[in-house]
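Beneath this line is the structure, given in structure tokens, with notes to follow.
Here is the naming used below: chain letters follow the sequence lines, and residue numbers restart at 1 for every chain. Because the structure is predicted, anything quoted here is derived from the model rather than measured.
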Amino acid sequence: MGKQNVGITVSKKDDFSEWYTQVVLKAKLADYAPVKGLIVLRPDGYSIWESLRSTFDKKFALNGIRNGFLPILIPESLLGKEQKHFAGFNPEVFWVTHSGTNEIGDRLALRPTSETLAYTLYSKWIQSWRDLPLKINFWNTALRAEIKATKPFLRTSEFLWQEGHTVHSTKEEAEKEVMKILDIYKNTVEEELAIPVTTGKKSEKEKFVGAEYTTTMESIMPDGKALQMGTSHFLGQNFSKPFEVKFADKDNVEHFAWQTSWGVSWRLIGAMIMAHGDDKGLVLPPKVAPMQVVIVPIYKNDEGKNTVLSKVEEIQNKLELKNIRTHVDDREGMSPGYKFNDWELKGVPLRIEIGPKDIENQKIVIAKRYNLEKVSLSFTEIEKVSEMLDEIQTEMLKKAKEQAKNNTLEILEYSDFKAKIEDGGFFNSPWCGKLQCEDKIKEETGAEIRVIPFNSEDNTKKCIYCKEQSISIPIFARGY
RNA sequence: GGGAUCGUAGUCUAGCUUGGUAUGAUACUAGCCUGGGGGGCUAGUGGUCGCAGGUUCAAAUCCUGCUGAUCCCA
């Protein structure tokens, strides 16, 4: 068997974009669908999504949020109820105009997001302060016709996500909810996917259309581009007014409610691929890996095979008792070397090798995917695999944090900004708060304000563009 | 939004200029040998050449339209 085209044929450093696409396809996470801009998730890709979903569901439940389901079609009359919101989404909406051969009068949108639909229903469901807070999350897909070149997980015309929509009786409670969700997002991404994020607010220019303000978490990818990892919006009463989401308070006065919406998508999978993968392929954080340990038995003849396989089964049972997701690669007719490369391409965190030599020495060989180290363990130390997985998870986050730190620069001079933007990275640069400067910087450098980190207010510096007094130090970067 | 490149077996590809039903590798199937880092030999399977139309006795090849992908720039 040749090695041509089986593995990743470019290096992550030299051709990041091609590298990414190859990893997605060759690790069998996803494939292209026969329609422009759409992808298909394969079991290994979907399994990662299911793992994230189950973690989020647990955390949402602890916060009093339950899951619901909304239909995919939204009548145009509803979608257009909040003007700014509609104007923002309209260019990328897919429309259903016919049922069979009959034209539909009020054409139907394939949901680009569900605010308008959800709030139409919320207005029916909410009458009293006793009905609040109302907190529902929806796991579904959203459709937005992408004009730009698409990329699996990062930009596709249909994407898997969750959208949460909550309603509160007070502004304070709603704002608190926005932050609670952002916190859940941050700790889940850091703990499960081992990707560090920076949280803060979006600028007025970049906020969600229809929101009072948008909070966000952003990450810097190894190629120096920023990726939005999730957003949590404070909607104020911008939707409750047009959609009449009203409630009678304890004093019997009718009030418009205060709302939030928030979402993360399968983009997180794309971020995980970029953050941790290497020239051999995918590297999965143990917590979300569909298989955490793969065992490759090695033997020369039937007799050796029986001895090895019975030991393999014993080890597999021990690991499974500790709830470690274990797979035995007993495929015939493939050399061990082929299997090693195959599992490395697919990013399985730990590989155990057992052959005649190991049986003789009462030991196994364990290879760690994230740093390609091999160590040996005696048969009596099998339970250490649990600790190794935890350690790998920790080390991966640590490594990603260092990477992010190296990609973050303090830039005070615009000439410096322009000179270094080609290499990418997060730039901490003072800003006066004016849209004009933000626009000019975007126009001249392609960089935008990705996030204004919490506690980044600073009026002691000069705006990177106009030199007037700064109000904060946002993070500028080119984005995906 | 602007530009460039490309679509031939699961994958990568030759052939296209100068029209004659497709080349090679790899993968896949079977058997034997192998087996601790992408194995060897032998014999097989697999393609309406992205889609639709046109020119022609004849189209992967020439023409038109459509569609999809990749990369670069704002």
Side-chain angles (χ1 to χ4, degrees), chain A residues 1-10 14-28 30-40 42 91-92 145-158 223-225 278-281 294-309 311-312 329-346 348 351-361 363-369 371-377 418 421-422 424 439-448 477-480:
Chain A
M1 289 180 221
K3 66 188 292 179
Q4 235 180 348
N5 300 323
V6 180
I8 308 300
T9 59
V10 296
D14 295 340
D15 192 348
F16 189 77
S17 198
E18 170 70 17
W19 170 87
Y20 175 81
T21 307
Q22 283 196 15
V23 173
V24 170
L25 298 178
K26 292 184 175 178
K28 299 184 180 171
D31 204 350
Y32 292 105
V35 179
K36 180 186 171 65
L38 304 186
I39 60 167
V40 176
R42 304 179 68 173
E92 45 194 32
E146 282 295 345
I147 303 152
K148 289 186 171 188
T150 55
K151 209 158 215 7
F153 297 119
L154 302 180
R155 183 180 290 119
T156 48
S157 287
E158 181 184 27
D223 64 342
K225 283 194 198 167
D278 63 19
D279 288 352
K280 283 179 163 280
V294 61
I295 305 177
V296 179
I298 299 159
Y299 41 80
K300 293 193 170 135
N301 49 44
D302 276 351
E303 193 198 336
K305 179 175 165 179
N306 290 335
T307 319
V308 168
L309 285 184
K311 194 68 201 175
V312 163
D329 185 358
D330 55 4
R331 290 178 291 180
E332 297 284 351
M334 281 174 172
S335 69
Y338 185 90
K339 291 179 179 178
F340 296 167
N341 283 286
D342 194 36
W343 295 112
E344 280 165 1
L345 174 61
K346 296 184 111 187
V348 178
R351 181 185 69 242
I352 294 178
E353 304 168 14
I354 307 177
K357 288 184 214 163
D358 305 295
I359 301 285
E360 204 175 302
N361 301 327
K363 279 182 174 174
I364 55 170
V365 173
I366 301 195
K368 298 180 194 172
R369 176 63 183 91
N371 62 4
L372 299 170
E373 247 175 49
K374 276 193 189 185
V375 296
S376 76
L377 275 191
K418 283 199 284 193
I421 194 66
E422 282 304 323
D439 277 341
K440 280 286 177 193
I441 293 169
K442 173 88 197 266
E443 192 186 315
E444 292 171 18
T445 68
E448 59 209 4
R478 286 181 181 171
Y480 269 95

- For nucleotides 4-9 of chain B, read 5' to 3', which letter fits each nucleotide if B means a protein heavy atom sits under 4.0 Å from the base, S means only the sugar-phosphate is that close, and - means neither? ------

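A cation-pi arrangement is not found for Arg155(A) relative to Tyr480(A), the charged atom failing to lie both closer than 6.0 Å to the ring centre and inside a 45° cone about the ring normal.
Checked against ring pair (Phe, Tyr, Trp, His ring centres under 6.0 Å), Phe16(A) has the following partners two or more places apart in sequence or in another chain: Trp19(A). Judged as a side chain to side chain contact (heavy atoms under 4.5 Å, CB included), and not counting sequence neighbours, the contacts of Val312(A) are Ile295(A), Pro297(A), Val308(A), Val328(A), Ile354(A). The ring pair (Phe, Tyr, Trp, His ring centres under 6.0 Å) test applied to Tyr20(A) returns no partner, not counting sequence neighbours. For Thr150(A), the side chain to side chain contact (heavy atoms under 4.5 Å, CB included) partners two or more places apart in sequence, or in a different chain, are Glu146(A). The salt bridge (charged side-chain N to carboxylate O under 4.0 Å, His left out) check on Glu303(A) picks up nothing, with sequence neighbours excluded. With sequence neighbours left out, Lys36(A) forms a side chain to side chain contact (heavy atoms under 4.5 Å, CB included) with no residue at all. For Lys148(A), the side chain to side chain donor-acceptor pair (under 3.5 Å) test picks out no residue, with sequence neighbours left out.
The side chain of Arg351(A) lies closest to rG37(B) when the candidates are rG35(B), rG36(B), rG37(B). When distances run from any side-chain atom of Met334(A) to the nucleotides rC28(B), rG37(B), rG35(B), the shortest one goes to rC28(B). Picking from rG39(B), rG35(B), rG37(B) the nucleotide with the shortest atom distance to the side chain of Ser335(A) gives rG39(B). When distances run from any side-chain atom of Lys36(A) to the nucleotides rG36(B), rG68(B), rG38(B), the shortest one goes to rG68(B). Across rG36(B), rG38(B), rG35(B), the shortest atom-to-atom separation from the side chain of Asn341(A) is found for rG38(B).
Within the nucleic acid shown, Tyr299(A) comes within 4.0 Å of at least one base atom, counting heavy atoms only. Among the heavy atoms of the strands, none lies under 4.0 Å from Gly304(A). Looking at heavy-atom distances under 4.0 Å, Val365(A) makes contact with a base.
At a cut-off of 3.5 angstrom, the base of rG35(B) holds no donor-acceptor pair with the side chain of Lys305(A).
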Identify the pairs formed between an N or O of the protein and an N or O of nucleotides 71-74 of chain B at a distance under 3.5 Å, and give each distance.
{"from": "rC71(B)", "atom 1": "OP1", "to": "Ser17(A)", "atom 2": "OG", "distance (Å)": "2.3"}
{"from": "rC71(B)", "atom 1": "OP1", "to": "Lys151(A)", "atom 2": "NZ", "distance (Å)": "2.8"}
{"from": "rA74(B)", "atom 1": "O3'", "to": "Glu443(A)", "atom 2": "O", "distance (Å)": "3.2"}

